[in-house]
Amino acid sequence: MKIHEYQAKDLLKTYGIPIPKGITIKNKEDAIKAWESLNKANLVVKAQIHSGGRGKAGGIRIVNTRKELEEYVSHLLGSTLFTEQTGDEGKPVEYLLIEEAVEFKKELYLGFTVDRSRACISMILSSEGGIEIEKVAASTPEKVVVENIEPLLGLKDFYITRALVSAGIDAKYFRKIALVAKGLYRLFIEKDCSLAEINPLVITANDELLAVDAKINFDDNALFRHPGILSLRDYKQENPLETEAAKYNLNYIKLKGNVGCMVNGAGLAMATMDLIKLVGAEPANFLDVGGGATSNMVKEGLKILVSDKDVKVIFINIFGGILRCDTLANGVVEAARELHIELPIVIRLEGTNVEEGKRILKEAGLKFITALDMGEAAVKVAELLGKKEING
Amino acid sequence: MSILIDKTTKVLVQGITGNEGAFHTRQMKEYGTNIVAGVTPGKGGSVFEGIPVFNTVSEAKRRMEIDATAIFVPPPFAADAILEAAESNIKIIVCLTEGIPTLDMLGVFHYVKSKGSILIGPNTPGIISPNKCKIGVMAGYIHREGPIGIISRSGTLTYEVVYQLSNRGIGQSTCIGIGGDPIVGLKYVDLLKMFEEDEQTELIIMIGEIGGTAEEEAAQYYKISRKKPVVAFIAGVTAPPNRRMGHAGAIISGGKGDAATKIKTLEEAGITVVKNPAEIWQAVMDARQKRL
């Protein structure tokens, strides 16, 4: 789960990490109040969306007069921001963070994430922080220091000291940076983060440290024990169909093509999408109904597929190991009747109770196209699309 | 032969009286798995399907001979269940649970290793040596015994591949799901080594997906070993970058872990990578023909 920058900074503050003075607003009146209570010039206005690349997309600006502030705020609030990471749909701007701009000597990078192959938390530190950190890592890897923390030890002082020395950072800042690192590590552990990074962590003109931007992501599997974090979730930053799917425990991701897919299991779902592409068609989505899908989940899944106007053909590929084929067939038949689905549905069923499942489909008297294996099914999907183009 | 489990393997089920545990215990028993004990705290002394139930793993271990355990414990308690099994010196731990918090698994991974136990999963369909033993949730009837070893990160995609093979008379020695989570116990490399030593296994299929670097590590190893032919498939060629595709593990980050990189690395190591998931059986037949 992702959160906004202002929420991340609030969290940093509770872990003793200094952040710039700022106010989050959601209307113009509050922006003016913020102007009055902050230093009335040299303010940074930052659009709050779940995406990087905001600066380049026009979502961050320094303002020096009240007029400038008002103009920028009216322009930005309620708009949709398109960054290199948002895709074509963009992200709605509902909140702005207004902060006092900071004069700094140096920008550092500090982050924690999980190293999967080593099964540990890694601390990443660089003296060359800022928006180009990924380029720094690629071109001069020696400037990005990684410490792999033994889970049984935790973040001991020696890890931090070693990283600071390797990164070539002036010793007079060691103590202050160590405090920030420990605070961020504690947050990472206590809130079950998957990523916690401060970029940049700046050294100000007065030799103080400030977290100027921060990104914190959480492990979805651990949200059950963090109701406070869960309440920070902003559904408006997520695709509405994806949110709807999540309600029924379905894993749905919207894509650009016109073949609506419903598959059980993430690996088979991805393989099915790959196959669709191989026969010259494009998947409209990823939809994993999971191993334990009920007939109701199948029905809700189909509803989501047909609500996507791009979908021209539906392709259901189910290998029932835990999910039984009769359960699936009942769900499909019910949904097709209830929703009066007119789109062609290609179904490939295999696994537990497959005969019963096929019988249900056959006796339903609806126009389903069945296939023996996924290869044949994909070819039928492509044929249907071809015919459509000729007819239309 | 086969790897890790066979007819003689004595199996414990942790969470035996829960919904999932109960259902799959019956299924495993029906398949012929030798289930000797179950654990559910508070239900010690009872009997489930003729299987004695104990309150704790150590009690079960004291009373019965146990080689392997299947864990069907809900996510908040599953990490603890793995630790309990390792602490009682159970050699093979198969954790089927999906949705364990990642940070819970860090300490678990290292502790299990320090005890010399083997962890399969979590978030795995389990392991099966056809006609001998099944510790997992896969449908037993699609398998048949034979010379192909399968290592996979995905559940239903593995069933798909197994089905393609069995339908054409090609059986399997052992099929194992390594699990879809960011932190899992056994990885491709560990299992490649085991299959290379296994007399029954002639050819190994690796089913991978985008995210992480486990497939790349396997390629590094195979480049040098090359003892038996390996056929691979990587799911997610068409997946958009930076999106989660169901498995917590399937995240593309920083140019590492995307399908193209994985395929290239595997091919350079001498592994046959199949592009069409419906034709994995064909590649296996071709590779075996070449060997004869």
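Proteins come first, then strands; the chains are lettered A, B, ... in the order of their sequence lines, and each starts at number 1.
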* Segment of A:Leu223 engaging chain B (4.5 angstrom heavy-atom cut-off) ->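 It is neither, since no heavy atom gets under 4.5 Å.
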* Where on A:Arg118 is there a heavy atom nearer than 4.5 Å to chain B: the side chain, the backbone, both, or neither? ->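 It is the backbone, since no side chain atom gets that close.
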Which atoms of [X] are under 4.5 Å from chain A, going by heavy atoms: the side chain, the backbone, both sets, or neither?
X: B:Tyr111; result: neither
X: B:Glu217; result: side chain
X: B:Pro76; result: both
X: B:Leu106; result: both

* To do: For the residue pair B:Tyr163 and A:Phe319, categorise the inter-ring angle as parallel (less than 30°), tilted (30 to 60°) or perpendicular (more than 60°).
  =>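 Perpendicular.
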Hey, does [Y] have a side-chain heavy atom less than 4.5 Å from the side chain of [X]?
X: A:Leu275; Y: B:Asn276; answer: yes
X: A:Leu187; Y: A:Ile216; answer: yes
X: B:Ile71; Y: B:Ile82; answer: yes

* Options B:Ile183, B:Ile207, B:Ile234, ranked by heavy-atom pairs under 4.5 Å with chain A, top entry ->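 Option with the greatest count: B:Ile183.
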* **Which of B:Thr158, B:Ile142, B:Val161, B:Ile100 touches chain A most, by non-hydrogen pairs under 4.5 Å** =>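 Ranked by heavy-atom pairs under 4.5 Å with chain A, first place is B:Ile100.
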* Identify, with sequence neighbours excluded, every residue that meets salt bridge (Lys or Arg N to Asp or Glu O under 4.0 Å) alongside B:Lys193. =>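 Here no residue qualifies.
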* All ring-ring contact (aromatic ring centres under 6.0 Å, His included) counterparts of A:His50, not counting sequence neighbours ->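 With neighbours one apart ignored, the set is A:His4.
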* Given ring-ring contact (aromatic ring centres under 6.0 Å, His included), test B:His24 with B:Phe72 step by step and report yes or no. => CA-CA 9 Å; B:His24 289 292; B:Phe72 290 96; 5.7 Å; yes
* Find the one option among A:Ala222, A:Ala271, A:Gly375 whose heavy-atom pairs under 4.5 Å with chain B are most numerous. =>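 Winner by heavy-atom pair count: A:Ala271.
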